[in-house]
Amino acid sequence: MLNSNHLELSSAWGLTYQALNYVHRPSTVEGIRQVFTLAKENGRTVGLRGSGRSYGDAAVNAEQILLELTRMTRILDWNPETGKLTVEPGVTIRDIWRYIIGDGWWLPVVPGTAFPTIGGALGMNLHGKNQYKAGTLGEHVLEFTALLSTGELLHCSPEKNPEFFYAMIGSFGVLGVFTSITLQMKRIYSGQMHISTHATANLQDLLNTMEQRKASSDYLIGWIDCFAKGQALGRGQLQIAHEFTPGEDPNPQRTLSVQFQEPPEELFGIVPRSILWRFIKYFVNPLGMRLTSLGNYLMGLLKNDKQGLESYVSANFLLDYFPRWKETYLPGGLIQHQSFIPAEHAYAGFREILQTCHDYGLPAYLAVVKRYRPDPFLISYSVDGFSMALDFHVTRRNRQRLQEMVAHLDEIVLKHHGRFYMAKDATLYPHTVSTFLGETTLAQLTALKSKYDPQNLLQTNLSRRLFPQIHITTPNAQIESN
Ligand SMILES: Cc1cc2nc3c(=O)[nH]c(=O)nc-3n(C[C@H](O)[C@H](O)[C@H](O)COP(=O)(O)OP(=O)(O)OC[C@H]3O[C@@H](n4cnc5c(N)ncnc54)[C@H](O)[C@@H]3O)c2cc1C
């Protein structure tokens, strides 16, 4: 019998969806095995969850069991000479940078927030602002151990069980549970980076400048004012970062300390960061965001070509400076539409997307552009090109129209040979996914699923919504038919 004491509401990070789940938080591999046994005995499925930072329903398993790995938080091995790190899956990006920075190391790839767990990060195979140079996080995994739903532990590396290695990373928690992961960290020679800001007049200017600068920069991120139209469509700014070379920082001990990196608790020494979201809330409406976007663009013009220094934490995790900022989007929440389009089609594709948002009267509140290279994993969103991530406020009034619009945006992305990323998704349809991934990839995933999870135990709302073909039978169905 499942114990109702375990019933908890779990949400999509974007707050557009929540459901009751039987939540279990084991702290050992044996504890995970016991949850699998409980699920099998009760004809339930098991969804995996790290910190729940995926925007949609990727880490929710409505009315079923949800296995949260946030208590498996041990750092199992660290070698400050080689930069090899072995961790349990619930260790977060924040835990890692705090542990290694004093030894002069940083993670090779980080997302825009430090809160994801390593298990969840590899469940999605996340990327950073240096994807065009460093690839995805999975490309820095030396080896991992996965617990299969059969109870067996599988050790994998690019050489050992390579087929499973390249499928498990990025397979959104449906093949097994990462229980220990060894990663190669990156040497750094300062806790600061050189940052320069460049105003860009329109979309073409932004993409061209990114293309020109990519070979000589370490991190690139473009921002777009989605309210601009006509000749200025896609105007914005580009931030370029360069890391320090050996010996360049006169006092690396200071900048490589946790204390130097941690943001202050108060803004300007008086306003606690924890209450900032209450002020931001007044700007989360079409007029407020129009003004904010214009202000950002003008700031970009003012700072044009200016150089500055920023800590690694501030340069990478700016959004974490504003705790609870997503609550400014309540009651409706937010969705993100992130598309990845090959370089030769990116201008036409993104232009059409931005124009379509104007046609619907729903410009995005935040838009970010990054540069990518392809990756070697089975479930891949990467292209040799660009991504554009658009944040939309969901309200009672716009919900239906927004849903129609993003379906239209998906068609534009497919027309331009683009791809999508499960970590950000809340709205895709299965036919869109099968079009961009292709039948061969889906057949491979389905074959691996039936080989390594023969009882189809590992499922989430997202996997059922987008990959119905991999869930041919459910444990419930098996029990009913027996
Ligand atoms: C503000 C913000 C900024 C972001 N910026 C970026 C960015 O720049 N780049 C980027 O790539 N992503 C970004 N993301 C998305 C985020 O990095 C991913 O969603 C990541 O997967 C979240 O990790 P998590 O621990 O919260 O995992 P969850 O969201 O809890 O889970 C993610 C997936 O992994 C599976 N999973 C969880 N644990 C395990 C495990 N131990 N073994 C196997 N599967 C598991 C889950 O079933 C789920 O499918 C951002 C998210 C936010 C909220």
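Counting starts at 1 for both ligands and their atoms, in listed order.
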For this session: Sort out for me which residue in Arg49, Arg464, Gln459, Arg44 forms a side chain to side chain donor-acceptor pair (under 3.5 Å) with Asn61.
Result: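 Between Asn61 and the candidates, side chain to side chain donor-acceptor pair (under 3.5 Å) is satisfied uniquely by Arg464.
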Kindly state whether the ring of [X] and the ring of [Y] have centres lying under 6.0 angstrom apart.
X: Tyr372; Y: Phe386; result: no
X: Phe350; Y: His416; result: no
X: Phe115; Y: Phe317; result: no

Exercise. Taking all non-hydrogen atoms of both residues, which atom of Thr16 and which atom of Gly332 are closest, and how far apart?
Worked result: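 What the structure gives for the nearest pair is CG2-O, 3.6 Å.
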Residue and atom name of the nearest protein heavy atom (relative to [atom]), distance in Å to one decimal:
atom: atom 16 (C) of ligand 1; result: Arg53 O, 4.1 Å
atom: atom 47 (O) of ligand 1; result: Leu48 O, 2.6 Å
atom: atom 33 (C) of ligand 1; result: Met124 CE, 3.8 Å
atom: atom 3 (C) of ligand 1; result: Thr113 CG2, 3.6 Å
atom: atom 48 (C) of ligand 1; result: Ala58 O, 3.4 Å

Which of the ligand 1 atoms, numbered from 1, are nearer than 4.0 Å to a heavy atom of [X]:
X: Val177; value: 41 (N), 42 (N)
X: Tyr421; value: 10 (C), 11 (O), 12 (N)
X: Gly173; value: 44 (N), 47 (O)
X: Ala423; value: 18 (C), 19 (O)
X: Arg49; value: 30 (O), 37 (C)
X: Ser54; value: 19 (O), 21 (O), 28 (P), 29 (O), 31 (O), 32 (C)
X: Thr117; value: 24 (P), 25 (O)

Mind checking whether [X] has a heavy atom under 4.0 Å from ligand 1?
X: Phe115; result: no
X: Ser463; result: no
X: Lys129; result: no
X: Lys424; result: yes
X: Gly52; result: yes

Problem set entry | ligand 1 contact on Lys370 by region, counting heavy-atom pairs under 4.0 Å |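 The answer is the side chain.
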Exercise. Where on Phe178 is there a heavy atom closer than 4.0 Å to ligand 1, on the side chain, on the backbone, on both, or on neither?
Worked result: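 Both the backbone and the side chain of Phe178 come within reach of ligand 1.
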Problem set entry | Min N/O separation Pro89 to ligand 1 under 3.5 Å |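 In this structure, Pro89 places no N or O atom under 3.5 Å from an N or O of ligand 1.
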Exercise. What is the distance from atom CG of Asn316 to atom CD of Glu310, rounded to the nearest 0.5 Å?
Worked result: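 The CD atom of Glu310 is 9.5 Å from CG of Asn316, to the nearest 0.5 Å.
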For this session: Measure the OH-CZ distance between Tyr429 and Arg465 for me, rounded to the nearest 0.5 Å.
Result: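 If we round to the nearest 0.5 Å, Tyr429:OH and Arg465:CZ are 9.5 Å apart.
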Exercise. Would His242 and Asp218 count as having a side-chain donor-acceptor pair, cut-off 3.5 Å?
Worked result: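 Side-chain D/A pair, His242 to Asp218: absent.
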Problem set entry | Glu30 and Thr28: side chain donor to acceptor below 3.5 Å |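 Side-chain D/A pair, Glu30 to Thr28: absent.
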Problem set entry | Partners meeting salt bridge (charged side-chain N to carboxylate O under 4.0 Å, His left out) with Glu8 (sequence neighbours left out) |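 Per chain and number, Glu8 pairs via salt bridge (charged side-chain N to carboxylate O under 4.0 Å, His left out) with Arg25.
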Exercise. With sequence neighbours left out, what residues match Asn285 under side-chain hydrogen bond (donor to acceptor under 3.5 Å, both in side chains)?
Worked result: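 Counting only residues at least two positions away or on another chain, Asn285 forms no side-chain hydrogen bond (donor to acceptor under 3.5 Å, both in side chains).
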